[in-house]
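None of the values given here were measured: they were computed from a predicted structure. Basis for what follows: all heavy atoms, side chains included, without hydrogens, waters or symmetry-related copies.
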Amino acid sequence: MNKKQIFLSGLRDGIPIGLGYFAVSFSLGIIAKKAGLNAIDGFFASALTSASAGEYGVFSQMVMHATYLEVALITLIANARYMLMSCALSQKFDKATSMLHRFFIGFYITDEIFGVTIARPGYIVPQYTYGAILAAIPLWGLGTSFGIIAGSILPTRAVSALSVALYGMFIAIIIPPAKKERSVLIAVSISFALSYICSIIPGINELSSGTRTIILTVLIAGVIAIIFPHEDDNKEATSCIESNEEVAS
């Protein structure tokens, strides 16, 4: 596959992600309206942040007239899990990949874009991720804008119900690898159980969802890696190196 074909492949995979994003960010637009943002403000706030939990925290803090420091801290805590995702992706870049490509991909990493990117065999080809980003992120921003515009018309419960689409995307990303590897299925099952348990344990449930996600990710991934060590698939990587290097260069 050449660069154009890989880009179009990413664009295709990013469309369903973008549609889910539109539904979720639509409900965020209701909160953004309460925070005093107009449709243009909302578009750029979402397009440059692209994080549901982070944006919800920011918009909520703005409604409460929080300080810049408080807004910065809530954003850092809610979005810190993306640092883990970026670290994981860094292991799949060809050494020849420029820092500029790494920066832009890292900047726009979301849970779903990370999922479709990390699932591809061999090295990461930036053009694929750019295609997914181009399809998904603008729809995220547009959803927020439309939510702000419709905020005074539709009831909040109605637009919040649309966020169910995001859970459908998570399931679509989780199921295929869980069918192939028992370790993934076990990790997913444990994460579901512990996420619920941590949400009801006094003290722990006071932590933000982003902080709990980071702690559980490190613990579960570490334990699963020890119990089910995964050997590098050198043969598969070698077979993909030549074609991917030609595209990435």
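- Relative ring orientation between H101 and Y130 is described as tilted, the plane-to-plane angle lying within the 30° to 60° band.
- Side-chain contact between T110 and W140 is absent, with no heavy atoms from C-beta onward closer than 4.5 Å.
- Side-chain contact between D13 and Y128 is present, with heavy atoms from C-beta onward closer than 4.5 Å.
- Of the possible donor and acceptor atoms, one in the side chain of T97 sits under 3.5 Å from a partner among the backbone N and O of D94.
- Under the 3.5 Å distance criterion, the side-chain polar atoms of Q91 are left unmatched by any main-chain donor or acceptor of A88.
- Scanning both residues, I148 and N38, for their nearest heavy atoms gives CD1-O, 3.3 Å.
- For the pair S9 (side chain) and Q5 (backbone), a donor-acceptor distance under 3.5 Å is absent.
- No more than 12 heavy atoms of other residues, nucleotides or ligands sit less than 6.0 Å from atom CD1 of I40.
- Separating the CG atom in L142 from the CZ atom in F43 is a distance of 5.0 Å, to the nearest 0.5 Å.
- A side-chain donor-acceptor contact under 3.5 Å links K92 to the backbone of R120.
- S25 contributes no side-chain N or O that, together with a main-chain N or O of L28, makes up a donor-acceptor pair within less than 3.5 Å.
- No more than 12 heavy atoms of other residues, nucleotides or ligands lie within 6.0 Å of CZ in F146, so this atom counts as exposed by the packing criterion.
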